[in-house]
Colleague: 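First the structure, which I've put down as structure tokens, then a few questions once you've had a look.
Remember, it's a predicted structure, so these values are computed and weren't measured experimentally. Protein chains get the first letters and strands the later ones, always in sequence-line order, with residue 1 at the start of each.
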There are 2 protein chains.
Amino acid sequence: MPADMQATAANDLISPDRREEVLAAAAECFMRRGYEATSMDDVADALGATKGRVYHHFRSKPELFFEVFRRAIFILIREAGVHETGPGHAADRLRRMARAHILCMMETQAFQRNLTLGVDLYRFGETSEEHKATLEDLMNLRRGYEDAFRRTFAAGAADGSMKALDPSLAMRTLLGAINWVAVWYSPRAGETRAHREKLAEEIVAQVLGGYLA
Amino acid sequence: MPADMQATAANDLISPDRREEVLAAAAECFMRRGYEATSMDDVADALGATKGRVYHHFRSKPELFFEVFRRAIFILIREAGVHETGPGHAADRLRRMARAHILCMMETQAFQRNLTLGVDLYRFGETSEEHKATLEDLMNLRRGYEDAFRRTFAAGAADGSMKALDPSLAMRTLLGAINWVAVWYSPRAGETRAHREKLAEEIVAQVLGGYLA
DNA sequence: ACGCGAACATACTCGGCAGTATGTCCTCGC
DNA sequence: GCGAGGACATACTGCCGAGTATGTTCGCGT
């Protein structure tokens, strides 16, 4: 029986970064059941494997979660954050950022949901001193990403393309509206990228209206 | 304005509803550490008591959580939902609803945060059949509350006070923005009700802009 | 002044989960 | 073709937490 399992496992996979698979499975599990409710065995089961595999790639459960968290921010920065420096008025740049952000919420939902969970862990969490430090790093990454929105709101007030609002508050209401997408969005069968882009456009249109000049 | 204020128990000093204290402590704990991470002993500790007290008032941990959830919705319906039937254009009514909703997020944060948690439990939860039924009830309550916003968006399109948008999507983006308040808001020392009302007004002003005609 | 039940506290059980220790197979460099 | 290490699986341990069983105290009606 063990020989069978290993034979099949070794057969169908060439080498698509096995560690990445564990990370994705963990993200999915954390999203579905929450961090604490997810056992390492759950993650392993989702992979058709055992704890051995998970612990081979990640030292502990918190560290596994931190990696999911870090990945979530990196995706956001790469996909949406980059649009901060781009052509056009601040309003245009903000529109592109929001659009990309929403698409991330839909397409990497499992990772993005855990980003919210991590914030709670930070605000109230009772973690060891060592973990507190890395958690602090992660929160700084997140804060940096949020700052991109803050700065763009300020730039919008400066170049006249947007109303002069409190940039921090505007950032929060905007991110609230588009972060919430990850909460209610649930992919439909046979959905294409085009569908998602259209939905993202609609959301952006509704949400951005309140900030434009 | 039916102020049926009959003299109910002139002094509640004798029994200040001990059950309510347990409920509030549970809400606080669930918010801070999450549902699974919170032990019944944690709730008891927060009260300076033991498990015995908690289990005396609530049969199990899920049922305790369900009560927190139910309370959260009732508060929202009572404070914000009632403004659906009120004077003025749909835009005016929506404004009052949003304003009250935001104030709930700030003033009953512990309960409201758990409302979000409950949705996840519903979407992915692996609960017993019995709990699934009561959870279904709670989700219907929540859906009913959301419908009030949906209907008001539709009414706004009808009476011309608001843009003609997809009411469901508009409801989601709006509720996202204002639900998010419970995520980032953290009460400051010496803060008064007036401060909160002012903040709520600012948020409403920003957020509603995109929907108005 | 007595019994009774509400409102807890105390002392257990028992299953589940993080983490570990060890074994096994397969690959790759040499 | 062989030793070493990477990539897992298997088999444990120890603890923590939900739930229970059983006191204990106090107020209340009679």
Colleague: In whole angstrom, give the distance that lies between atom NE2 of A/H131 and atom C1' of C/dA18.
Modeller: 12 Å
Colleague: Given atom CG of B/L47 and atom P of C/dA7, what is their separation to the nearest angstrom?
Modeller: 15 Å
Colleague: Looking at D/dA7, I'd like to know if its phosphate oxygens (OP1 or OP2) sit under 4.0 Å from a side-chain N or O belonging to A/R18.
Modeller: no
Colleague: Sequence neighbours left out, what pairs pass side chain to side chain donor-acceptor pair (under 3.5 Å) with at least one residue falling in residues 49-58 of chain B?
Modeller: B/E21-B/R53
Colleague: Mind listing the residues from residues 51-58 of chain B sitting with a heavy atom below 4.0 Å of DNA chain C? Number order is fine.
Modeller: B/G52, B/R53, B/H56, B/H57
Colleague: Rounded to the nearest Å, what distance is computed from the CG atom of residue A/D42 to the C1' atom of nucleotide C/dA18?
Modeller: 12 Å
Colleague: By salt bridge (Lys or Arg N to Asp or Glu O under 4.0 Å), which residues pair with B/R151, not counting sequence neighbours?
Modeller: B/E84
Colleague: Which nucleotide wins on minimum distance to the side chain of A/T50, given the candidates D/dA9, C/dG19, D/dG19?
Modeller: D/dA9
Colleague: If I take atom CD in residue B/E63 and atom C1' in nucleotide D/dA18, what distance separates them, rounded to the nearest angstrom?
Modeller: 14 Å
Colleague: I'd like to check the salt bridge (Lys or Arg N to Asp or Glu O under 4.0 Å) partners of A/R150; sequence neighbours left out, ordered by chain and number.
Modeller: A/D147
Colleague: Rounded to the nearest angstrom, tell me the gap between atom CG in A/D41 and atom P in D/dC12.
Modeller: 16 Å
Colleague: Roughly, in whole Å, what's the span from CE in B/M40 to P in C/dC14?
Modeller: 20 Å
Colleague: With A/F30, which residues qualify under ring pair (Phe, Tyr, Trp, His ring centres under 6.0 Å), at least two apart?
Modeller: A/Y35, A/F65
Colleague: Between B/L64 (CG) and D/dG19 (P), how many Å, whole number?
Modeller: 10 Å
Colleague: Is the closest side-chain heavy-atom distance between A/P62 and A/E130 below 4.5 Å?
Modeller: no
Colleague: What pairs of residues pass the salt bridge (Lys or Arg N to Asp or Glu O under 4.0 Å) test when at least one of them lies in residues 165-187 of chain B, not counting sequence neighbours?
Modeller: none
